[in-house]
Number of protein chains: 2
Amino acid sequence: MTAHGPYSCGLDAALDVVGGKWKSLILWALAEHGRLRFGELRREVPGITEKMLVQQLRQLEADGLVDREVHQQVPPKVEYSMTDFGATLNEALVPLGEWGERNMRRIVERRAG
Amino acid sequence: MTAHGPYSCGLDAALDVVGGKWKSLILWALAEHGRLRFGELRREVPGITEKMLVQQLRQLEADGLVDREVHQQVPPKVEYSMTDFGATLNEALVPLGEWGERNMRRIVERRAG
DNA sequence: CTGTATCCCTTAAGATACTG
DNA sequence: CAGTATCTTAAGGGATACAG
């Protein structure tokens, strides 16, 4: 979300959309569970604050990756889910996630010692 | 490079290693050209400052993704190339780069209007 | 329950000047 | 040529309190 507009390459654009600490984690949670309320989402993304969760969700929504569904009732109920477009991004993220999974240990150890 | 250590998932770890504005662009330049001197790399990554280029290269080197070769001579000559490990990361980035390439226009337009 | 509104701190990044 | 050093700004993120 650097908003530095016209990108030097596709990766640049993709990281602008999914970069930062939380967005990819939010997408993964939605991919796994399909449809989550705000509070559920907060529990599925450990460590995130309410402020960051709302903020990142709004940006994901603005970029058309996430759908927000408000059920008019008391107490409030809002559900979030991935759009089809969001699903294509999520698929593109799979190899990167697998790479991280495979090499996490190596990276951490290398940095420690 | 948030250094928040033990990750919540692989994607988290991968983005820690390749996140930020420049690292992926540097990797791509090295993947394309194979081996580049500092000055060549600076020209291949448009807009980057010397400070950022050095800083990001040092981190990529520390993580074992990039190899730094100093040729002891005057004037100085230092060449950078991707390690085999770096190449595996680069491959994992391809789908994401392609996604960005395909959807760049859509993203930009949506944000504009 | 689903958010807003502040305040504050840390980090990322940019500009510029200088050195072996 | 390949960096260092320093300063400044911009952005990301966190803590806490509060509201509909």
Side-chain angles (χ1 to χ4, degrees), chain A residues 1-5 7-8 11-12 15-26 29-30 33 35-63 66-81 111, chain B residues 1-5 7-8 11-12 15-26 29-30 33 35-63 66-81 111:
Chain A
M1 235 25 194
T2 324
H4 42 46
Y7 305 105
S8 45
L11 198 47
D12 198 9
L15 283 176
D16 192 28
V17 166
V18 81
K21 189 170 171 177
W22 300 112
K23 290 201 187 136
S24 57
L25 303 181
I26 293 172
L30 290 175
H33 297 89
R35 174 182 303 273
L36 291 170
R37 299 181 60 168
F38 183 84
E40 296 171 329
L41 204 38
R42 188 178 41 186
R43 280 185 291 278
E44 290 300 325
V45 183
I48 196 167
T49 63
E50 292 172 1
K51 174 193 158 190
M52 290 310 294
L53 182 54
V54 177
Q55 184 181 105
Q56 304 301 302
L57 279 171
R58 290 290 181 280
Q59 293 179 5
L60 291 169
E61 195 191 353
D63 283 333
V66 160
D67 189 46
R68 177 171 181 265
E69 211 173 328
V70 181
H71 303 269
Q72 197 55 29
Q73 56 181 247
V74 180
K77 175 177 178 181
V78 180
E79 289 182 310
Y80 293 92
S81 55
R111 287 185 181 176
Chain B
M1 240 15 199
T2 322
H4 44 45
Y7 305 106
S8 45
L11 198 46
D12 197 8
L15 283 176
D16 192 29
V17 166
V18 81
K21 188 171 175 180
W22 298 113
K23 288 200 189 138
S24 58
L25 303 180
I26 293 171
L30 290 176
H33 297 89
R35 174 185 302 276
L36 292 170
R37 299 182 59 168
F38 183 84
E40 296 170 331
L41 204 38
R42 186 177 45 187
R43 281 186 290 278
E44 290 300 326
V45 183
I48 197 169
T49 62
E50 294 174 359
K51 175 194 155 187
M52 290 310 293
L53 183 52
V54 177
Q55 185 180 105
Q56 304 301 302
L57 279 172
R58 291 290 182 280
Q59 293 179 6
L60 290 169
E61 196 193 351
D63 284 334
V66 160
D67 188 46
R68 179 172 180 263
E69 210 172 330
V70 181
H71 301 271
Q72 195 56 27
Q73 56 181 247
V74 181
K77 176 178 179 179
V78 178
E79 289 183 312
Y80 293 91
S81 56
R111 288 187 181 174

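Please read these numbers as outputs of a predicted model, since none were measured by experiment. Chain A is the first sequence line, chain B the second, and so forth, proteins listed ahead of strands; every chain is numbered from 1. What you see below is based on every heavy atom in this structure, not just the backbone, and it leaves out hydrogens, waters and symmetry mates.
Residue contacts shown for B:R42 are absent, as no nucleic acid heavy atom lies under 4.0 Å away.
One finds no side-chain N or O of B:R37 lying less than 4.0 angstrom from the OP1 or OP2 phosphate oxygen of D:dC1. Phosphate contact (OP1/OP2 of C:dG3, side-chain N/O of A:Y80, threshold under 4.0 Å): present.
Atom NZ in A:K21 sits roughly 4 Å away from atom P in D:dG14 (whole-Å rounding). One can place CG of B:L15 at 15 Å from P of D:dG12, the figure rounded to the nearest angstrom. Whole-Å rounding puts the B:Q55 CD to C:dG14 P distance at 10 Å. The distance between atom CG of B:L53 and atom P of C:dA15, rounded to the nearest whole Å, is 15 Å. Taking atom CE on B:M52 and atom P on D:dT4, their separation rounds to 14 Å, with Å as the unit. The CD1-P distance, from A:I48 to D:dA15, rounds to 12 Å in whole Å. Atom pair B:W22:CH2 and D:dA11:C1' shows a separation of 15 Å (rounding to whole Å applied). The CG-P distance, from B:L41 to D:dC1, rounds to 14 Å in whole Å.
Between A:E44 and A:A29 the shortest heavy-atom distance is CB-CB, 4.1 Å. Counting all heavy atoms, side chain and backbone alike, B:G20 lies closest to A:L15 at O-CD1, 4.5 Å. Heavy-atom minimum distance, A:V18 versus A:K23: O-CB, 3.8 Å.
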Can you check side-chain contact (heavy atoms from CB on, under 4.5 Å) on B:K21 and B:M52, steps first, answer last?
CA-CA 10 Å; B:K21 188 171 175 180; B:M52 290 310 293; over 6 Å; no

When you look at B:L41 and B:L57, which way does the side-chain contact (heavy atoms from CB on, under 4.5 Å) test go after all the steps?
CA-CA 10 Å; B:L41 204 38; B:L57 279 172; 3.9 Å; yes

B:D16 and A:R111: CA distance, side-chain angles, deciding distance, side-chain contact (heavy atoms from CB on, under 4.5 Å) verdict:
CA-CA 12 Å; B:D16 192 29; A:R111 287 185 181 176; 3.0 Å; yes

side-chain contact (heavy atoms from CB on, under 4.5 Å) evaluation trace for A:R43 with A:E40:
CA-CA 5 Å; A:R43 280 185 291 278; A:E40 296 171 329; 3.8 Å; yes

Using a cut-off of under 3.5 Å, enumerate the N/O to N/O pairs linking the protein to nucleotides 4-7 of chain C.
residue : atom : partner : partner atom : Å
C:dT4   : OP1  : A:R58   : NH2          : 3.4

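Residue B:V45 forms a side-chain contact (heavy atoms from CB on, under 4.5 Å) with just one option from B:L25, B:L30, B:L36, and that option is B:L25.
Separating the CD atom in A:Q56 from the CD atom in A:E61 is a distance of 13.0 Å, to the nearest 0.5 Å.
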Dot-bracket pairing map - DNA chain C, Watson-Crick plus G-U, both contacts under 3.5 Å, | cross-strand:
||||||||||||||||||||

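In this structure, the nucleotide among C:dA15, C:dT2, D:dC1 sitting nearest to the side chain of B:T49 is C:dA15.
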